[in-house]
Structures are given as structure tokens and as C-alpha cells.
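Fair warning: this is a prediction, and the values are worked out from it, not measured in the lab.
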Amino acid sequence: MTPSATQLQAFFMDGARGQRFCLLHTPPVGQATLGHVVYVHPFAEEMNASRRMAALQARALAHAGFAVLQMDLMGCGDSSGHFEEATWDGWLEDVAHARRWMRERWPGVAWLWGLRAGCLLAAQACRLDAGLSKLLLWQPVMSGKQHLNQFLRLQMAGDIARGEPNRGTSRLMHLLEQGQSVEVAGYNVSAALAQGMAQADLNGLPAGTHVVSLELGHPDTESVSPALAAQLQRWQDAGCSTLAQVVEGAAFWQMQECPDSPAWVAAALLALTAAPVEVAS
């Protein structure tokens, strides 16, 4: 027998500052709802590169009984506003608004799912909302400042390729610190967005938070990275329960045309549908 189809709705959600484009994946008609998941996409071009994998995961979770919301944050994708108008605090407001909207409509367990820099937003949203206690983090960025510096290096590489004077990341960072915007790889980044990202990290989660972290690698030969291992210890010391796993696949957030990574979908699905663990790593 063919499995019942999940439902997909595309719509614009009204917010305090414009509309946000959303995709809502819901379980097949008649299937019990286990809970809901709000997806927080990565930064800049990584968002576009990872759209297919995000959609594959959302559909799989909907088949399992979760309602999944994919929202384009302000100035991203098909949402209103321009990227240069986006701020870190504004994106946090978008995440909070999405969570309230889902909580009002879909009962059960609530998860926030972040990818790359989206993990920083998810962690900060968790710190601000005592009602959120479950995080799914894909290839989490540990430091917003480091991630911003890596992004600024794209402009330096572009300057070299075009034979233009190399402005360097320190010069770009100085402009941002002075309140100016900078253009990097076609994205005009505001000072407010850069400064908010530079201050973001994964620390300070409330005790009792359950964190599932997936990281790219070869599970038969590799363990999680030293950076993630250290972060897991900090979470555990703060009273959080953790589950971390190395998952085989491709760096799908870096390449527009990339092979699918079904092991990521399977690992996340198993983690969200299994009973929570106390502490694991």
C-alpha cells in the first residue's frame, strides 16, 4: 500500500515588519501529530544551497507525524524586505513569531531545527524562551564572530580574483564596527546584522534543554570535532542532555548542485522520534 501523502502549504505570514514566506509541511490526513518543528535556515548563500536537503528533511518529518514550518527570514528568499535591512534581532523576532504561530496550531513536542548559522539563532531563541527545550542542530556554527570573518574572506578572495585592491577582513570589520554596511559576494550586510552575529554563540542554554547535534564525517572512522566535543561538555555541565552523531554525506550547504545526503534525514528522524536520552555524546 502506498503511504498517505503529506500536505504542503505555501503562504505569506504577516509579521510586525512585513510578510515572511513560509512552507508548511503537515502529516498525512488522519495521522496522529507528534509535535511541530520550526526550521531556521543558514546565512546568505548557504540558505539557497541547502534548500533541497531542508525540504527532504521536512517531508520526512511530516511523514513521521510532525508539522514542519520553513520560514524565509526578513530580507531572505521570498520574504519582504531587502537583505541589507536585516538585523540579527529582527531575525530572532521572526523565529519567535514562527514558534508562537506553530505552538498555537500544532500540539505536542516542540523542536527548533537550525542549520549552520541558523543554529546560533536557534540557541539564542531557546535562551529567550523558557518554553523551548528541544534543539536539532545540523553542522552547528560554534562562533558567530568566526563565521562572520569567514564570510568576509569571500570578499577578499573576490578582490584578488578581480585584480582589485585587497581590502582585507580587518578593514571590512572596521567599517561594520563604525556602523557602515559592506557588500560581500553580492550580499549587503548591515552593521546591525554583523554585530549581532559576532556576539552569537551556543552557550547559556537553560538546564533541561535536549540538544541533538549532527556533524558531517565518516561515522566508522571519525568522532565529532574537538570544537563540538567541547561544546557538548559545556552543555552537559549546564544540565542539558545531548546526543551527537557523525553522519555521512556531502557538504550540501556549500554547493548548489550536490548529491543528496539521506543519512542526515534518517539520523534526524530517528533522533526526533526516539525517546529522549539523559546524557549522551
### Task
Under the side chain to side chain contact (heavy atoms under 4.5 Å, CB included) rule, what do Cys22 and Trp101 come out as? Steps first, then yes or no, please.
CA-CA 12 Å; Cys22 298; Trp101 192 91; over 6 Å; no
Side-chain contact, heavy-atom cut-off 4.5 Å: [X] with [Y]?
X: Leu205; Y: Arg127; answer: yes
X: Pro206; Y: Ser133; answer: no
X: Arg20; Y: Ser79; answer: yes
X: Gln146; Y: Asn149; answer: no
X: His41; Y: Arg51; answer: no
X: Asp260; Y: Arg52; answer: yes
X: Thr209; Y: Trp235; answer: no
X: Val189; Y: Phe151; answer: yes

Are any side-chain N or O atoms of [X] and backbone N or O atoms of [Y], one a donor and one an acceptor, separated by less than 3.5 Å?
X: Ser80; Y: Gln19; result: yes
X: Asp89; Y: Gly196; result: no
X: His25; Y: Ala58; result: no
X: Thr242; Y: Val211; result: no
X: Ser213; Y: Leu137; result: no
X: Ser50; Y: Met53; result: no
X: Glu248; Y: Pro219; result: no
X: Asp72; Y: Asp78; result: yes
X: Ser261; Y: Trp264; result: no

Restricting to non-hydrogen atoms, name the atom on [X] and the atom on [Y] that form the minimum distance, rounded to 0.1 Å.
X: Glu222; Y: Gly217; result: OE1-CA, 3.1 Å
X: Gln180; Y: Ala191; result: O-CB, 3.7 Å
X: Ala194; Y: Leu148; result: O-CD2, 3.6 Å
X: Val265; Y: Ala60; result: CG1-CB, 3.5 Å
X: Ala62; Y: Pro28; result: O-CD, 3.7 Å
X: Ser190; Y: Ala86; result: OG-O, 2.9 Å

Shared hydrophobic cluster, [X] / [Y] (ILVMFWY, side-chain heavy atoms < 4.5 Å):
X: Leu112; Y: Leu23; value: no
X: Val68; Y: Leu269; value: yes
X: Phe43; Y: Met255; value: no
X: Val224; Y: Leu202; value: yes
X: Met74; Y: Phe83; value: yes

Examine the side chains of [X] and [Y] and answer whether a donor and an acceptor come within less than 3.5 Å of each other.
X: Gln31; Y: His63; value: no
X: Gln150; Y: Arg153; value: no
X: Trp88; Y: Gln124; value: yes

### Query
Is there a side chain to side chain contact (heavy atoms under 4.5 Å, CB included) between Trp91 and Leu120 once you walk through the steps?
CA-CA 11 Å; Trp91 282 354; Leu120 297 171; over 6 Å; no
### Query
If you draw a 6.0 Å radius around CZ in Arg234, do more than 12 non-hydrogen atoms from other residues or ligands fall strictly inside?
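Yes - once you tally the heavy atoms of other residues, nucleotides and ligands closer than 6.0 Å, there are more than 12.
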### Task
Using a strict cut-off of less than 4.0 Å between a Lys/Arg side-chain nitrogen and an Asp/Glu carboxylate oxygen, indicate whether Glu85 and Arg17 qualify as a salt bridge.
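Judged by the 4.0 Å cut-off on N to carboxylate O distance, Glu85 and Arg17 do not form a salt bridge.
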### Message
Does this structure show an ion pair linking Arg100 with Asp129, if we count only N-O contacts that are shorter than 4.0 Å?
### Response
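So Arg100 does not pair with Asp129 through a salt bridge.
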### Query
Would Val37 and Leu136 satisfy side chain to side chain contact (heavy atoms under 4.5 Å, CB included), going step by step from the backbone distance to the final call?
CA-CA 9 Å; Val37 180; Leu136 170 63; 5.8 Å; no
#### Entry: Phe252/Trp138 aromatic ring centres below 6.0 Å
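Between Trp138 and Phe252, which both carry aromatic rings, the centre distance is below 6.0 Å.
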When rounded to the nearest 0.5 angstrom, what is the spacing between [atom1] in [X] and [atom2] in [Y]?
X: Leu232; Y: Asp237; atom1: CG; atom2: CG; answer: 11.0 Å
X: Leu8; Y: Gln70; atom1: CG; atom2: CD; answer: 8.5 Å
X: Lys134; Y: His210; atom1: NZ; atom2: NE2; answer: 5.5 Å

### Message
For a side chain to side chain contact (heavy atoms under 4.5 Å, CB included) check, start with the C-alpha distance between Met47 and Leu73, then their side-chain angles and the critical distance, and finish with the verdict.
### Response
CA-CA 10 Å; Met47 170 193 174; Leu73 301 174; over 6 Å; no
